[in-house]
A.B. asks: 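Structure provided below as structure tokens; questions to follow.
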Amino acid sequence: MNRVRDVAVRVRQVLQGDLEEVIALDAQVTGLKKPEYWAELYHRYGMGRRRERQFLVAEGARGIEGFVIGEVRDWEFGSPACGWVFGINVRPGRRQAGIGSQLLEAICEGFRSLGVTKVRTLLARDNNLVLSFFRAQGMMAAPFIPLEMELGQ
Ligand SMILES: CC(C)(COP(=O)(O)OP(=O)(O)OC[C@H]1O[C@@H](n2cnc3c(N)ncnc32)[C@H](O)[C@@H]1OP(=O)(O)O)[C@@H](O)C(=O)NCCC(=O)NCCS
């Protein structure tokens, strides 16, 4: 266990038995309960079948305090293999105690162990909290721009 300020957590691979808490944590933050989505994510990222795919949780004395999900992708957007962080979340009330940093460091360690030297993420332009967090970890603007369009019916 690592003690960071006042919250001690252990970062480990997610287990099926954690899913209910992960779903509740996500619902607390997003206002939406999505059990099928999380079951699918667990199936794809959480079963440890491929080291490139990671779904980690931070476990404290009172249960799951946060999670992070990501994977190593080869040659996406013409770029050599790099780690992508798709989702990170820490329980409100347990934030600013280093848990997010520990989760990110753990997933980056997994990426490094696969020989990857870069990590990327994507976030909403107006999500200042997540931007502050990633900037504090040393992340900088990447040489890509996101594009989208409506597909219509
Ligand atoms: C972003 C998030 C994961 C950070 O988790 P956390 O455990 O609070 O992060 P840490 O305590 O490790 O913070 C590390 C650094 O990030 C920055 N940071 C964290 N919270 C911040 C805040 N509220 N305001 C400004 N900077 C902040 C700080 O620089 C902090 O370092 P410091 O405490 O020494 O100042 C958490 O706030 C969260 O889950 N937010 C919602 C996530 C979300 O919207 N997810 C959906 C998109 S993936």
Side-chain angles (χ1 to χ4, degrees), residues 1-15 17-48 50-73 76-77 79 81-114 116 118-148:
M1 300 277 267
N2 298 318
R3 178 161 288 278
V4 176
R5 291 168 236 173
D6 56 344
V7 180
V9 292
R10 182 169 70 103
V11 177
R12 58 164 172 79
Q13 194 166 304
V14 69
L15 301 172
D18 302 322
L19 274 191
E20 217 165 287
E21 281 185 86
V22 168
I23 291 166
L25 200 167
D26 173 58
Q28 184 184 2
V29 172
T30 65
L32 271 181
K33 202 167 180 185
K34 326 177 194 75
E36 284 165 19
Y37 166 76
W38 286 106
E40 173 65 16
L41 267 193
Y42 174 74
H43 184 71
R44 282 163 53 202
Y45 290 88
M47 298 175 78
R50 296 179 53 185
R51 288 176 63 217
E52 295 86 354
R53 296 182 175 179
Q54 296 197 47
F55 184 167
L56 307 176
V57 293
E59 181 182 36
R62 294 195 288 181
I64 301 305
E65 303 288 13
F67 58 80
V68 65
I69 303 165
E71 75 177 311
V72 172
R73 289 186 169 181
E76 296 238 325
F77 313 111
S79 157
C82 79
W84 279 92
V85 174
F86 301 143
I88 186 163
N89 226 321
V90 171
R91 183 182 301 288
R94 307 297 261 173
R95 293 180 182 172
Q96 292 183 276
I99 296 175
S101 301
Q102 285 186 76
L103 283 164
L104 188 70
E105 178 50 33
I107 201 166
C108 286
E109 195 46 49
F111 293 153
R112 273 186 217 107
S113 75
L114 292 166
V116 163
K118 202 179 284 278
V119 62
R120 294 192 171 116
T121 192
L122 204 58
L123 65 142
R125 238 174 246 277
D126 60 356
N127 197 336
N128 291 324
L129 170 56
V130 173
L131 180 61
S132 298
F133 169 72
F134 281 123
R135 281 290 293 111
Q137 309 301 312
M139 281 203 176
M140 310 284 278
F144 298 96
I145 51 169
L147 297 176
E148 65 176 23

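Atoms within a ligand are numbered from 1 in the order they appear, just like the ligands themselves. Small disclaimer: the values here were computed from a predicted structure and weren't measured.
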A.B. asks: To which of Q96, Q102, R91 does the heavy atom nearest atom 8 (O) of ligand 1 belong?
C.D. replies: Q96
A.B. asks: Which option out of R135, R95, E105, E65 puts a heavy atom nearest to atom 37 (O) of ligand 1?
C.D. replies: R95
A.B. asks: Once salt bridge (Lys or Arg N to Asp or Glu O under 4.0 Å) is applied, what residue pairs with a partner in residues 120-138 remain, sequence neighbours excluded?
C.D. replies: none
A.B. asks: Just which atoms of ligand 1 are under 4.0 Å from any heavy atom in N127?
C.D. replies: 44 (O)
A.B. asks: So, regarding V29 and ligand 1 (criterion: nitrogen or oxygen to nitrogen or oxygen, under 3.5 Å), is there a contact or not?
C.D. replies: no
A.B. asks: Purely on distance, is any nitrogen or oxygen of R94 under 3.5 Å from one on ligand 1?
C.D. replies: no
A.B. asks: Out of the candidates R53, E71, R50, Q54, only one should pair with Y45 under the side chain to side chain donor-acceptor pair (under 3.5 Å) rule; please name it.
C.D. replies: E71
A.B. asks: Would you name the heavy atoms of V72 and A81 that are closest together and state the gap between them?
C.D. replies: CG1-CB, 4.2 Å
A.B. asks: Show me, pair by pair, the donor-acceptor contacts under 3.5 angstrom made by side chains of residues 18-28, not counting sequence neighbours?
C.D. replies:
{"from": "D18", "atom 1": "OD1", "to": "R12", "atom 2": "NH2", "distance (Å)": "3.0"}
{"from": "D18", "atom 1": "OD2", "to": "R12", "atom 2": "NH1", "distance (Å)": "2.7"}
{"from": "D18", "atom 1": "OD2", "to": "R12", "atom 2": "NH2", "distance (Å)": "3.4"}
{"from": "D18", "atom 1": "OD2", "to": "L15", "atom 2": "N", "distance (Å)": "2.7"}
{"from": "E21", "atom 1": "OE1", "to": "I64", "atom 2": "N", "distance (Å)": "2.9"}
{"from": "D26", "atom 1": "OD1", "to": "K34", "atom 2": "NZ", "distance (Å)": "3.4"}
{"from": "D26", "atom 1": "OD2", "to": "K34", "atom 2": "NZ", "distance (Å)": "2.5"}
{"from": "D26", "atom 1": "OD2", "to": "W38", "atom 2": "NE1", "distance (Å)": "3.0"}
{"from": "Q28", "atom 1": "OE1", "to": "R91", "atom 2": "NH1", "distance (Å)": "3.4"}

A.B. asks: Which is closest to atom 28 (C) of ligand 1 by heavy-atom distance: A97, A136, S101, G100?
C.D. replies: A136
A.B. asks: Heavy-atom distance to atom 11 (O) of ligand 1: which of A124, G98, P92, G66 wins?
C.D. replies: G98
A.B. asks: Check the pair L122, F144 against side-chain contact (heavy atoms from CB on, under 4.5 Å), reporting the backbone distance first and the verdict last.
C.D. replies: CA-CA 10 Å; L122 204 58; F144 298 96; over 6 Å; no
A.B. asks: Are the side chain of R10 and the backbone of E59 linked by a donor-acceptor contact shorter than 3.5 Å?
C.D. replies: no
A.B. asks: With heavy-atom distances below 4.0 Å as the criterion, list the atoms of ligand 1 near L129.
C.D. replies: 20 (N), 21 (C), 22 (C), 23 (N), 37 (O), 40 (N)
A.B. asks: With only distance considered, is F86 within less than 3.5 Å of ligand 1 through an N or O on each side?
C.D. replies: no
A.B. asks: For G87 and ligand 1, does the shortest N/O to N/O distance drop below 3.5 Å?
C.D. replies: no
A.B. asks: Which ligand 1 atoms are under 4.0 Å away from a heavy-atom of V130?
C.D. replies: 42 (C), 43 (C), 44 (O)
A.B. asks: Are the side chains of Q137 and V119 in touch, meaning some heavy atoms are under 4.5 Å apart?
C.D. replies: no
A.B. asks: Are S113 and R51 close enough that some pair of their side-chain heavy atoms sits under 4.5 Å apart?
C.D. replies: yes
A.B. asks: For residues F111 and I107, determine if any side-chain heavy atom of one lies less than 4.5 Å from a side-chain heavy atom of the other.
C.D. replies: yes
A.B. asks: Hey, looking at atom 13 (O) of ligand 1, which of F134, F67, F133 has the closest heavy atom?
C.D. replies: F133
A.B. asks: Answer yes or no: does an N/O atom from Q137 fall short of 3.5 Å to an N/O atom of ligand 1?
C.D. replies: no
A.B. asks: Quick one: does I88 get an N or O within less than 3.5 Å of an N or O on ligand 1?
C.D. replies: yes
